[in-house]
Amino acid sequence: MTKHSVTQLLEDDEPLLGRPTPRAQRHRAKPHVPKVKRSEILAAIVERGQTARPNSLILSPTLDATSQESGWISEHLEVFAQTRTLTAVLRRVKGGKEANVYCCAAHPNSGLALIAAKLYRPRLLRNLRNDARYRQGRPILSGDGQAIGASNWRMHKAIAQKSNTGLAAIQTSWIEYEYQTMLRLHAAGVDVPRPLKHGENTILMEYIGDAVMPAPPLSHIALNPAEAPRLFGRMLDNIEAMLAAQVVHGDLSAYNVLYWQGRLSIIDFPQVVDPRTNPDAFAIFRRDVERICQYFERLGVDSQPGRLARDLWHKHVQPAQYGA
Ligand SMILES: Nc1ncnc2c1ncn2[C@@H]1O[C@H](COP(=O)(O)OP(=O)(O)O)[C@@H](O)[C@H]1O
Ligand SMILES: [Mg+2]
């Protein structure tokens, strides 16, 4: 930062936005405040985050959140400031039907500069995906990542009846699957953001992008066709490594693959399917492969998605299991 200290920037809105004060406007005076670029503000907040008191979560002015959203963010992310993982929430990367994703400044303890926080909406405010197809053959996981055993018949009854307790358990399981799958795939060398921590409604992971711009999904960029064959090959390696780890993504498409500086990161795993136990697993897998092939076909890469899917399935999934 040049002339302004970080504290000044955070406390005074006008310099932050680089706009003249109302009085300055009245007198048509030249604004006396030097313009500060958005990138500089964000860099300053990251920098301040590195020295902030350990247990205070900063909500950056660049976040532009309603008071309801701010309350929601604080309720779920404050704990990660107290445990010295995050220091500040810098911007909303995306608001969706089910979750918002925020770009956060990391605490120096984490060894990262930025962290992505995926914050699921409170159950009653979000549309549960039609998840029955994906839940077939997979146990319900509780908050410790363990399957809820058959002896817990009360919980199984609540889930079957979709009572409040049952719906809460389904949501917990949904988030557990996302987090546990990311842990497994990251350990297996698949291109996924590194998962860091999770809570009741939250997953923290490596942020892909920089303080100015998040990595866009493939669906949002005009990929250079010259890069397409290499990236398609990389995508197939990832799909194969996932299947070898007995994971079918279940919602794989150009919307859930981020692109940053020539590299891909696969995201959004709550609906994952186990090829060994879900009777629809092969159909879901083939659809994932087809969507990726369609994207690269438009860039001139030839493929035979049906054959590819069948070959990978036969290589990695036991013939006796649900399949092609
Ligand atoms: N680790 C990350 N780094 C940067 N941006 C991310 C990250 N994870 C998610 N995003 C952004 O948030 C968006 C939504 O995330 P996603 O997990 O796909 O949730 P949804 O269920 O809302 O589709 C993504 O399209 C991407 O723009
Ligand atoms: Mg998504």
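Atoms within a ligand are numbered from 1 in the order they appear, just like the ligands themselves. As a basis for the values below, the full set of heavy atoms in this structure was taken, side chains included, without hydrogen atoms, waters or symmetry mates.
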Is there a donor-acceptor pair closer than 3.5 Å between any side-chain N or O of Arg263 and the backbone N or O of Asp191? no

Just by distance, no angles: are the side chains of Asn100 and Arg121 close enough, under 3.5 Å, to form a donor-acceptor pair? yes

If you measure from each non-hydrogen atom of Lys118 to ligand 1, which part falls under 4.0 Å: side chain, backbone, both or neither? side chain

Does the side-chain contact (heavy atoms from CB on, under 4.5 Å) test come out yes or no for Ser303 and Phe296, once each step is laid out? CA-CA 9 Å; Ser303 60; Phe296 283 98; over 6 Å; no

Counting from 1 in the order shown, the ligand 1 atoms closer than 4.0 Å to a non-hydrogen atom of Asn256 are 18 (O)

Subset of ligand 1 atoms that lie under 4.0 Å from at least one heavy atom of Met205: 1 (N)

With backbone taken as N, CA, C and O and side chain as the heavy atoms from C-beta onward, which portion of Ile208 lies under 4.0 Å from ligand 1: side chain, backbone, both, or neither? both

Minimum-distance N/O/S atom that Asp268 presents toward the Mg ion (ligand 2): OD2

Please state whether Asn100 comes within less than 4.0 angstrom of ligand 1, counting heavy atoms only. no

Sub-4.0 Å atoms of ligand 1 with respect to non-hydrogen atoms of Tyr207: 3 (N), 4 (C)

Is a side-chain N or O of Ser173 found less than 3.5 angstrom from the main chain of Ala169, in a donor-acceptor match? no

Within a strict 4.5 Å, meaning less than it, do heavy atoms of the Glu75 and Asn201 side chains meet? no

Just wondering, more than 12 heavy atoms not from Arg194 lying within 6.0 Å of its CZ? no

May I ask you to list the atoms of ligand 1 that are less than 4.0 angstrom from any heavy atom of Pro193? 1 (N)

Exam field: side chain Ser70 to backbone Thr66, donor-acceptor pair closer than 3.5 Å: yes

Have a look at ligand 1 and work out which part of Ile267, if any, has a heavy atom under 4.0 Å from it: side chain, backbone, both or neither. side chain

Return yes when at least one N/O/S atom of Asn256 is nearer than 2.8 Å to the Mg ion (ligand 2), and no when none is. yes

Take atom CD of Glu200 as the centre, draw a 6.0 Å sphere, and report whether it contains more than 12 heavy atoms from other residues, nucleotides or ligands. no

Nearest to atom 2 (C) of ligand 1 by heavy atom, Gly209, Ala117, Ala116: which? Ala116

